[in-house]
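First the proteins, then the strands, lettered A, B, ... as listed; each starts at 1.
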Amino acid sequence: MNTALDTNVKNSSNRECAIIPAVDIIENKDEYTLYADMPGVAKENLDISIENMELTISGKIEDAGSEKPSYREFELGNYKRKFLLNQEIDSEKISASLDRGVLTLALPKREAAKPRQIEIKTA
Amino acid sequence: MLTREFDIFNDVLGLKNIVDSYFDTNRGKTGYPPINLYENGDTVKAEIVVPGAERSDIGLELVENTLNVSFTKKTETSSAEYIRRERGSGNFSKSIRMPFRVNPDSIKAELKNGILTVSLDKSDEAKPRKIEIK
């Protein structure tokens with residue numbers, strides 16, 4: 001119950017195949033920052049949505065596999081990954097940017113969740 | 001300070017998917033960055049996956065018929081508390097031989113959305129020549 005960000009590896013009901021992008025998650029006192037490698041995805045094909053406390057990142061590749069490679073080490077496909085947000089995160093203030101195939105998500109913490117110093121008064 | 005449950009199964013499963021998504025059938029044998037080659041008549045196209053790379057992070061060199069690519073994958077921030085780290089960073093390099101002799105002047109490279117696409121034409125000597133029989 002107290003995990004900060006959880007990975008939800010679910011297969012969706014209509015059996016779409018998707019690559020799970022690798023992510024780095026960083027925490028500082030004001031926000032979480034998430035970086036996801038999604039090479040081949042352009043901004044117009046990126047979709048980020050939140051339902052309840054679940055964040056879904058998905059990206060589509062255009063012209064997937066129209067040519068057949070003579071030598072293949074990787075296969076590009078659509079990306080999808082879900083995360084369970086916790087109460088600390090202010091979901092209205094989440095912002096995203098996509099640059100050079102890397103998605104950067106800023107997830108600010110609610111004011112009340114930030115660490116505060118409590119002053120001790122001596123009588 | 002929040003207490004966090006460490007769920008080992010989450011991490012192990014995540015790692016397997018990351019590896020699978022980069023290396024298709026040749027699990028781990030092919031190294032990083034992954035490259036695909038497409039042959040199209042007289043041209044060959046190489047697609048190299050380099051997420052987050054700027055032009056200065058990539059080194060591209062053609063030596064005869066071998067394409068050498070080097071890639072520095074940087075982390076966005078050095079002094080930060082990572083609570084999950086899957087992407088990896090470091091210096092990588094790889095060489096790949098072209099399937100036929102290429103014309104070095106025809107090389108073109110384009111970096112878009114984290115993928116480097118290099119295209120090369122077949123060299124004139126490598127193209128089939130008709131031999132006239134007198």
**Q** Mind checking which of residues 116-124 of chain B sit less than 4.5 Å from chain A, heavy atom to heavy atom?
**A**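 Hits under 4.5 Å: none found.
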**Q** Sub-4.5 Å heavy-atom contacts with chain A: which residues of residues 97-104 of chain B show up?
**A**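 Result: none.
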**Q** Taking all atoms of both residues into account, what is the closest heavy-atom pair of B/Arg87 and A/Ala22, and its distance?
**A**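 Minimum heavy-atom contact is CG-O, 3.5 Å.
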**Q** Would you kindly say whether B/Asn68 and B/Ser95 are connected by a side-chain donor-acceptor distance under 3.5 Å?
**A**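 On atom types as modelled, these side chains qualify, holding a pair under 3.5 Å.
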**Q** For A/Lys60 and A/Asn78, work out which heavy atoms get closest and say how close.
**A**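 The answer is CA-OD1, 3.3 Å.
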**Q** Going by the rule salt bridge (charged side-chain N to carboxylate O under 4.0 Å, His left out), which residues pair with A/Glu111 if we only count those two or more places apart in sequence or in a different chain?
**A**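 Expected list: A/Lys114.
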**Q** Do the side chain of A/Tyr79 and the main chain of A/Pro39 share a donor and acceptor less than 3.5 angstrom apart?
**A**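 Between the backbone of A/Pro39 and the side chain of A/Tyr79 there is a qualifying donor-acceptor contact (under 3.5 Å).
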**Q** Looking at A/Asp37 and B/Lys73, does any basic side-chain N land under 4.0 Å from a carboxylate oxygen?
**A**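 B/Lys73 and A/Asp37: salt-bridged.
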**Q** Kindly confirm or rule out a cation-pi arrangement of B/Lys94 over B/Tyr32, judged by NZ or CZ under 6.0 Å from the six-membered ring centre and within 45° of its axis?
**A**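 Not satisfied by the 6.0 Å and 45° rule.
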**Q** Taking all heavy atoms of B/Ser89 and all of B/Lys74, pick out the closest pair and write down the distance.
**A**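 Scanning both residues completely, I find the closest heavy atoms to be CB-C, 4.4 Å.
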**Q** State the CG-CD1 distance between A/Leu34 and A/Ile25, to the nearest 0.5 angstrom.
**A**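 Taking CG in A/Leu34 and CD1 in A/Ile25, the distance rounds to 5.0 Å.
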**Q** Roughly how far, to the nearest 0.5 Å, is the CZ atom of A/Arg110 from the CD atom of A/Glu92?
**A**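 Going from CD on A/Glu92 over to CZ on A/Arg110, the span is 7.5 Å.
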**Q** Do any of residues 108-115 of chain B have a heavy atom less than 4.5 Å from a heavy atom of chain A, and if so, which, in residue order?
**A**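 Contacts with chain A: B/Asn113, B/Gly114, B/Ile115.
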**Q** Decide yes or no for A/Tyr35 and A/Ile26: does some side-chain heavy atom of the first lie under 4.5 Å from some side-chain heavy atom of the second?
**A**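 The answer is yes, as the side chains (C-beta and beyond) meet within the 4.5 Å cut-off.
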**Q** Check whether any side-chain heavy atom of A/Phe83 sits under 4.5 Å from a side-chain heavy atom of A/Ile57, and report yes or no.
**A**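 Sidechains of A/Ile57 and A/Phe83: in contact.
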**Q** More than 12 heavy atoms of other residues, nucleotides or ligands under 6.0 Å from CD of A/Glu51: yes or no?
**A**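 Atom CD in A/Glu51 is not crowded, with 12 or fewer foreign heavy atoms closer than 6.0 Å.
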